[in-house]
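Worksheet for the structure shown next.
Quick note on labels: first sequence line is chain A, next is B, and so on, each numbered from 1. We use all heavy atoms of the structure for the numbers below, so side chains are in, but hydrogens, waters and symmetry mates are not.
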Amino acid sequence: MNERYDFQAIEMKWQQRWAQAQEFAAREDSTLPKYYVLEMLPYPSGALHIGHVRNYSLGDSIARFKRMQGFNVLHPIGWDAFGLPAENAAIKNEIPPERWTMDNIAIMRKQCLQMGWTYDWEREIATCRPEYYRWTQWFFLQMYKQGLAYQRKGTVNWCEQCQTVLANEQVVEGCCWRDGTLVIEKELEQWCFRITEYNEQLLQDLDQLEDWPEKVKSMQRNWIGKSVGAQVTFPLADTQGDGLDIFTTRLDTIYGATFVVLAPEHELVRGWMDDTQSSEELSRFVKAIRRQGKALRTAEETEKKGVFTGHYAINPFTRERIPIWIANFVLMEYGTGAIMAVPAHDERDFDFAKNYDLSIRQVIQSQDQDAGPDLEQAFVDDGVLVNSESFSGLSSEVAQKKMVEYAQAQGFGEAAVSYRLRDWSISRQRYWGTPIPIVHCQKCGAVPVPEEDLPVKLPKVETIQLGQSPLATIPEFLNTSCPKCQGKAQRETDTMDTFVDSSWYFYRYTDPQIDSAPVRDEAVRYWFPVDIYIGGVEHAILHLIYMRFFTKLMRDLGLTGFGEPVKRLFTQGMVLQEGMAMSKSRGNTVSPESVVREYGTDALRLFIQFAAPPERDLDWSDQGLEGCSRFLKRLWRLLHRIVEEMSPDATASSVSREELSEPGRALQRKLHQTIQKVTNDLERIRQNTAIAAIMELLNSIYEYADREDQPDPAMLKEVLKTTALLLSPFAPHFAEEMWETLGQAERLTFAPWPVFDPELAREEEVKIIIQVNGKVRSRVSALPGISEEEMQTLALDDQKTKAYIEGKTIRKIIVVPQKLVNIVV
RNA sequence: GCCCGGGUGGCGGAAUUGGCAGACGCACAGGACUUAAAAUCCUGUGAGGGUUUCCCUCGUGAGGGUUCGAGUCCCUCCCCGGGCACCA
């Protein structure tokens, strides 16, 4: 008797068969409906961690489900292979980053196969291969041509630990996203992508992403940070110059603008500092602020400090002469780097005015109260204008419109919009990345490498030394000739941010072989959009905004015809241990390998999908895993018991309801209800409840099989076959084995997904809930299709119910068809 | 401060539309099998109470509201998680 569930043998057996058959290689076929399941590609860090297992098992359950439903499924995988950890490992272990990376890919690829994930390995990509990064460089050149890639000298975020520049998106609370090192400012020449060119589209198009989590959309909206307001020019009072531009979202408060504040980095300030008449105090203050790190300067608890410049501007509305100050709380990067200060109606300006005894003038009055004598704090809400000449009496909203019109007519202002989103700084002063295809020539300046010369290959290195840009130390790479004048020139030695590599990889999957273009039009047209994209929420404003940017760029380059690449985004939760993130330093990690060794892949896959809804964090539990393993063993035992008991002639595979006894019909009903539930749950990505439904079904099968009176063998076989089908997205090896044990010749992977029959799923009798005054008092059975009148009669005749309504007047009876009667007394 | 989530037994979590709160699993308790244990199987398991095959009361963060009926809808508040933040 083959009783023991030998998961190792079973899993190996099916993995080998799947690999031989190449069953999961996708073919373009316009006669079939397609489904593109994508998971965020992993960084080859060494071995799969439990978070990968959750992410990819979820994706695989969807891929398998859709495949069985008859979709032509594209389910690819690749490697986000460039990046710092490879370089750090190279420094530590003195091995080439390429070898470290390729070794890791080999390990992780093997693990993917051991997990039974159905990837199309013919489409595997690695972003560090020249055939791939050639096109990353090509994108750079296209952007350069369009003016969307440009070089800028300026202040950048610098991580001392990583020895490189970071994009704004990679700075989290003033620290490096990777290692938490405090980010410092540095002046550097940098390549940037003009993502701000697309800020309005990136914002607007979020509205069409109906199947994206609200959370991610709101994070992106916050990050783009659009503010609508006005730009107004304040003429300088006694100095030469064009005047001072300020941005405000509260033009209605401008009559209360009693001074102006500049950021210390403002260009006017530079001029004034050079002025011999400028005060010592001014220079000292500016230098002190600029020395201070941004994190400290922008901390909320930092006191508002400033200094008077000695200069004045004219408020164009009041025509008053008002002082110009410099302060730490005004930032150069936002708006125009200058503000009009309205202390009566802005908390920051209020604090500042109190500190330096500047005048405060109320110009907005709350709608429901009279103007108080003295403001004790800023009144920041909208209201009605006062002390504002002809605008007095208007509401804030109306006044803003009229005042913009007025400013525009007078020629000193206009409506304006400001965004928080900054251009994407992509230069990295490191080795292991895509080389930037630019040559620096003494005569011609920065010259792009001609497209036909791509790829600019990354030279091989044996080891890497810390503290230098490796590419600058390799003469064969560095020295070249200028593509324009053929003179001596040097290559750009920075490489690209790895987020550039991953901004377009999912397009490449549609045809990873093509070498005449980054993508092939028909392939993209067939497979796109991505039907579902699964990954962690930590990329909500990194990868997921860059990827949307690239999609718009590709559309504008004429490569594709759409603006959004992903129809449905699914952000899965993290795997925690006792409520805390797993980390090597904390020593609370769970190794997928050892779990697989002890319980098998199927038990792990089942547990990780059962323990919590996919979008929520999941607390790891050895006992929960044990429970799932128990479920598989229990099913195994039942399967073999039934197969052995079954006489050979009992293999008729169809069961008609008429031939079944009542318990058999009940099981058939449960089966069809389960098919319906599992199918719906998979569409909704509620794998946890889908699995719970299969567990319930198994409980029902046991109940039926253990009956004294001859259970119907054909019914048992049918229910087990369907159980195998339903289980296959979650525990595929087990399901295949089960399918084979039940005598099925063809492969389960492409067997059609079961369809539920509403006729068979329908209850033979309905349970009617009887309530009195909204409280459940009784339950009675009735035949389906019972009329409302009959239900009422049934309720009123019910013995239990009678006790509650006796001697009381019935005021009203509510009947919910087939479900409930509520008697109000 | 602003913007998104979320709060249900001892625990993870169920409950597409307002209609039996607690599915499924874990843990726990009792029992069966066993010399014993493991494994397995059966039973019970929100709280409190009663006249204990059964029945009652309370119960989904707090308070109020809408409704015949609210975990679900509305208002106010509290707590937890996440994002943004001296952003003008």
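B:G1 atom P lies 19 Å from atom CG of A:Asp349, rounded to whole Å. Between the C1' atom of B:U16 and the CG atom of A:Asn680 lies a distance of 8 Å, rounded to the nearest Å. Counting to the nearest Å, the P atom of B:C24 and the NZ atom of A:Lys670 are 8 Å from each other. Distance CD1 (A:Ile701) to C1' (B:C24): 15 Å, rounded to an integer number of Å. Taking atom CZ of residue A:Arg221 and atom C1' of nucleotide B:A85, one finds them 18 Å apart after rounding to whole Å. At whole-Å resolution of the value, CD1 in A:Ile541 and P in B:C4 are 16 Å apart. Between the NZ atom of A:Lys304 and the P atom of B:C86 there is a distance of 10 Å, rounded to whole Å. For the pair A:Lys800 NZ and B:C55 P, the computed distance is 5 Å after rounding to whole Å.
Between the side chains of A:Ser227 and A:Tyr334, at least one donor N or O sits under 3.5 Å from an acceptor N or O. Defined by atom type and a distance below 3.5 Å, a donor-acceptor pair is missing between the side-chain atoms of A:Asn773 and A:Arg811.
The shortest side-chain heavy-atom distance between A:Thr155 and A:Glu333 does not fall under the 4.5 Å cut-off. Looking at heavy atoms from C-beta onward, A:Asp381 lies out of side-chain contact with A:Ser366 at the 4.5 angstrom threshold. You'll find the side chain of A:Leu262 stays beyond 4.5 Å of the side chain of A:Val330, heavy atoms only.
With respect to A:Asp798 and A:Lys800, no salt bridge is recorded, no charged nitrogen being found less than 4.0 Å from a carboxylate O. Under a 4.0 Å N-O distance rule, the pair A:Glu214/A:Arg221 qualifies as a salt bridge.
Nucleotide B:G9 carries a syn base; the chi torsion (O4'-C1'-N9-C4 or O4'-C1'-N1-C2) is within 90° of 0. Classified by its glycosidic torsion, B:U52 falls in the syn category, the angle being within 90° of 0.
Here, B:G9 and B:U60 have their P atoms 9 Å apart, quoted to the whole Å. For B:A14 and B:U66, the P atoms lie 32 Å apart once the distance is rounded to whole Å. B:G64 and B:U16 are spaced 27 Å apart, taking the P atom of each and rounding to whole Å. Look at the C1' atom in both B:A23 and B:U45: the space between them is 15 Å, to the nearest Å. Comparing the C1' positions of B:G22 and B:C26 gives a spacing of 15 Å, expressed to the nearest Å. Between B:C68 and B:U52, the distance separating the two P atoms is 39 Å to the nearest Å. Look at the P atom in both B:U43 and B:C79: the space between them is 46 Å, to the nearest Å. Taking atom P on both B:A21 and B:U76, the two are 29 Å apart, rounded to the nearest angstrom.
No contact: A:Gly225 has no heavy atom under 4.0 Å from any strand. Contact annotation for A:Pro213: no contact, since no heavy-atom pair falls under 4.0 Å across all strands. Among the protein residues, A:Leu618 comes within range of no part of the nucleic acid, since none of its heavy atoms lies under 4.0 Å from any strand. Residue contacts shown for A:Val216 are absent, as no nucleic acid heavy atom lies under 4.0 Å away. Backbone-only contact: A:Ser227 has heavy atoms under 4.0 Å from sugar-phosphate atoms and none from a base.
You'll find a donor-acceptor pair under 3.5 Å spanning the side chain of A:Gln771 and the base of B:G19, going by distance alone. Judged by distance alone with a 3.5 Å cut-off, no donor-acceptor contact links the side chain of A:Asn222 to the base of B:C84. Side-chain N/O atoms of A:Arg420 and base N/O atoms of B:C87 include no donor-acceptor pair closer than 3.5 Å.
Among B:G19, B:A23, B:C87, the nucleotide with an atom closest to any side-chain atom of A:Leu331 is B:C87. Checked against B:G25, B:G19, B:C58, the side chain of A:Phe610 finds its nearest nucleotide in B:G25. Relative to the side chain of A:Arg777, the nucleotides B:U57, B:C26, B:G13 differ in distance, and B:U57 lies closest. The side chain of A:Asn328 sits closest to B:C86 out of B:C86, B:A15, B:C84. Each of B:C84, B:G19, B:A88 was ranked by its minimum atom distance to the side chain of A:Ile339; first place goes to B:A88. The side chain of A:Arg348 sits closest to B:C87 out of B:C87, B:A88, B:G5. Proximity note for A:Asn822 (side chain, C-beta onward) versus B:A88, B:C84, B:G19: the nearest is B:G19. Picking from B:C58, B:C20, B:G13 the nucleotide with the shortest atom distance to the side chain of A:Lys775 gives B:C58. Here B:C41 is the nucleotide among B:A88, B:C41, B:G83 with the atom lying nearest to any side-chain atom of A:Arg634. Set against B:G13, B:U40, B:G19, the side chain of A:Val816 has B:G19 as its closest nucleotide.
Under the Watson-Crick or G-U wobble criterion, with both distances below 3.5 Å, B:C33 is left unpaired in every strand shown. With a 3.5 Å ceiling on both atom-pair distances, the Watson-Crick or G-U wobble partner of B:C58 is B:G46.
Dashed line: the shortest gap from a side-chain N or O of A:Tyr804 to OP1 or OP2 of B:C56 is under 4.0 Å. Side-chain nitrogen and oxygen atoms of A:Lys215 include none within less than 4.0 Å of the OP1 or OP2 phosphate oxygen of B:G5. Look at A:Arg686 and you'll find a side-chain N or O under 4.0 angstrom from OP1 or OP2 of B:A15. For A:Arg630, a side-chain nitrogen or oxygen approaches OP1 or OP2 of B:C26 to under 4.0 Å. Dashed line: the shortest gap from a side-chain N or O of A:Lys767 to OP1 or OP2 of B:G19 is not under 4.0 Å. At B:A14, one or more side-chain N or O atoms of A:Asn688 fall inside 4.0 Å of OP1 or OP2 (strictly under the cut-off).
For A:Phe734 and A:Tyr5, the distance between ring centers is under 6.0 angstrom. A:Trp325 and A:Phe352 have their aromatic ring centers within a separation under 6.0 angstrom.
Closest-nucleotide positions on RNA chain B for A:Leu820 and A:Tyr334 were compared, and the one nearer the 5' end corresponds to A:Leu820.
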